[in-house]
S.K.: 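Below are the structure tokens for one structure; questions will follow.
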Amino acid sequence: MRLHPGARRGLRALTDPGTTAGSIAPWIVVGNAGGGLALVPIAADGTAGERLLIERSALAREAARTDAATRWVWSDTSSWYPAVIAEGVRVSRCHDLRLAHAILRDSARSVGADALRAAVEWDAAASVADDGPSALFDLDPGAREVPHDIDAALAEFARQRAVISASAAGLRLLVAAESVGALVAAEMHAAGVPWDGDVHDEILTGMLGEREPGNGLPARIESLAGDIRGLLGDPAASIDSQPKLLRSLHRVGVAATSTSKWELSEYEHPVIAPLLEYKRLMRLFTANGWAWRDEWAPEGRFRPVYVPGGVVTGRWASSGGGALQMPRQLRPAVRADPGWTLVVADVAQLEPRVLAAMSRDAALADSARDTDLYEGIVSRGVVSTRSEAKFALLGAMYGATTGDSGRLVPALRRAYPRAMGLVDDAARVGEEGGVVSTWLGRSSPPPSPGWRALQGHAGDPDATEIDRGQARRAARDRGRFTRNFVVQGTAAEWALAWLGDLRARLAALPHVDEADAAPRSGALHARQAHLAFFLHDEVIVHSPVAQAQQAADAVVLAAEAATRLLFGDIPLDFRLDLQVRVDAAKG
DNA sequence: CGGAGCGGCGCG
DNA sequence: AAAGCGCGCCGCTCCG
């Protein structure tokens, strides 16, 4: 593909290592122009350079030539980056205008954001540009997309830079972290989780029986259904319909009010055990059975669609494939390619440690040092068992008021007043209709008009006790949300920093020989350890065996770097449970 | 007939 | 056993 005359020369002048540092463009904005693309370098002082036109297919090549310090600015990573990845090219840094817009628009710490908020064309949810098998069915013509043309991108980038430079430093960091997350999400989708369909099949067959043609119910489920109908004394009993099953249970003397497994297990009746087993197997069959494997892991890779920023707190969501719900019983099907291995790491008690860090609660940090945090709480005599410590702490962060969890919270409040004060304050602000923010500055959404109306009406002279009760309940609901928001959202920020730093460390590892490649991971990842999976506080790195130790070191160093980046030098470590998994050779 | 709502359950 | 946060997806039911 040929470059527009001048484009090649222009970019080289801006990005050649031989040029002076000052002439390297900190940003290159990309967007549609005519039938092709325009690239516009932006200098540190914000002045735009010459507009360079290239053909659409030349983006990856231009990205490959760009200095690693340059940040690519584009409307939406999931719209631009997959094509670059497909050419085997990695972008070091980017600025995702859609994600940044959402953060800056809603943040209580944004300064001078009126013009940005007025640019409503950037208020678009993630466009799930899936290249997977179900893409044809995912098309949603009504869904709004952000603008992808160069002029819109330049204008929005100028608005965002103005807000960022006027606001607290945390927002700049948050926008960078959110953007690198978008890069990681696209790369992990391309690389996929190495998935051994044979192991998956063995698990399914062992639990359910052989696969039946046409996705019919497997033998074990059919047999359980027969047992259950017999024990219910009704050969036609419907097990999958909650109201009908409830009526059948009542007829045989099980007075349950729901069919949840928690409630059913309270009852002593011969039908309970097979019924719980039926529900367990049916869940596996429908959610992660053979049909799921055919659609989501057909060629030895499970490719979930990650949606960065898809949760209000800043956590990622997922779309299709149930990436956030892969059941633990199927974990054995995640297996490295031959000659490769998996480095699996999760952060021990991420959210409580984040709470200790952001509240600067020295006592809680001390309880977490060099140990399992829950054990640390026990050893300081706050509560008496690890299990109690766990439920007390989760209860404190989720706003539990009743049950054993709620009962234990006061003990924590005495032992860790700063940490508990932080979440209690967040809850109070939420109950009063205020907005809370994470450590870096992502803010909770304001209360809905309905919520405000409810609170307003409760203060009216003609309000009934029912009105006031409803308003109180809604206020407490919102308080629990904001209480959790600050912790969950800051944990998501720590995880983004971890991911971003780890990604850079892995990218710096040497390539292995072509003969040792993992071609199904795609051109960008076939010859180098790479991120393969991420879930809130856990990563899986797919690594050539030869560089597994370096990959494991990178995971640990990235966690330390993330902690320093967010919280500076604090006397608190974020402990990892880390294993380098050696899969037995397949027989 | 398709979409919204709900109960239920998987994950953190 | 724990009931308190955030999600996505399943099958069923209800409704227009």
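Sequence lines set the chain letters: A, B, ... in the order given, protein chains first and strands last, and positions in each chain run from 1.
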S.K.: Would you mind reading off the distance between L350(A) atom CG and dC11(B) atom P, rounded to a whole angstrom?
M.R.: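 These atoms are roughly 19 Å apart.
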S.K.: To the nearest Å, how far apart are L284(A) CG and dC11(B) C1'?
M.R.: 15 Å
S.K.: To the nearest angstrom, how far is W498(A) atom CH2 from dG12(B) atom C1'?
M.R.: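 Going from W498(A) (CH2) to dG12(B) (C1'), I get 13 Å.
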S.K.: May I have the distance from L275(A) (atom CG) to dC9(B) (atom P), rounded to whole angstrom?
M.R.: 10 Å
S.K.: Taking only N/O atoms, report every protein-nucleotides 5-7 of chain B pair under 3.5 Å with atom names and distance.
M.R.:
from	atom 1	to	atom 2	distance (Å)
dG7(B)	O3'	Q242(A)	NE2	2.9

S.K.: Would you list the atom pairs, donor with acceptor, under 3.5 Å between side chains in residues 408-431 of chain A and any protein atom, with sequence neighbours excluded?
M.R.:
from	atom 1	to	atom 2	distance (Å)
R413(A)	NE	D424(A)	OD2	2.8
R413(A)	NH2	D424(A)	OD1	3.2
R413(A)	NH2	D424(A)	OD2	3.3
Y416(A)	OH	S367(A)	OG	2.8
R418(A)	NE	S359(A)	O	3.0
R418(A)	NE	R360(A)	O	3.1
R418(A)	NH2	S359(A)	O	3.2
D424(A)	OD1	R483(A)	NH1	3.0
D424(A)	OD1	R483(A)	NH2	3.2

S.K.: If pairs are Watson-Crick or G-U with both distances under 3.5 Å, what is the dot-bracket string of DNA chain C, marking crossing pairs with [ ] and pairs to another strand with |?
M.R.: ....||||||||||||
S.K.: In terms of side-chain heavy atoms, does S443(A) have a donor or acceptor partner in S437(A) at a distance below 3.5 Å?
M.R.: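 The answer is yes; a qualifying pair exists.
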S.K.: Would one find a side-chain N or O of K279(A) under 4.0 angstrom from OP1 or OP2 of dG8(B)?
M.R.: no
S.K.: Can W290(A) and D201(A) be counted as having a side-chain donor-acceptor contact under 3.5 angstrom?
M.R.: yes
S.K.: Within a strict 4.5 Å, meaning less than it, do heavy atoms of the L217(A) and M282(A) side chains meet?
M.R.: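 Sidechains of M282(A) and L217(A): in contact.
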S.K.: Across nucleotides 1-9 of chain C, 5' to 3', mark each nucleotide with B, S or - according to how protein heavy atoms within less than 4.0 Å reach it.
M.R.: BBBBBBSBS
S.K.: What parts of residues 210-239 of chain A reach DNA chain B, counting only heavy atoms under 4.0 Å away?
M.R.: none
S.K.: When the distance from CZ of R247(A) to C1' of dC12(C) is rounded to whole Å, what number comes out?
M.R.: 12 Å
S.K.: Protein-nucleotides 14-16 of chain C N/O pairs closer than 3.5 Å?
M.R.:
none

S.K.: Between E388(A) and Y374(A), do the side chains contain a donor N or O and an acceptor N or O under 3.5 Å apart?
M.R.: no
S.K.: Do NZ/NE/NH1/NH2 and the carboxylate oxygens of R105(A) and D123(A) come within less than 4.0 Å?
M.R.: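 Answer for the salt bridge query: yes.
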S.K.: Calculate the interatomic distance between M282(A) atom CE and dC10(C) atom P; express it in whole Å.
M.R.: 13 Å
S.K.: If you check every side-chain atom of L535(A), which of dG12(B), dG10(B), dC12(C) has the closest atom?
M.R.: dG12(B)
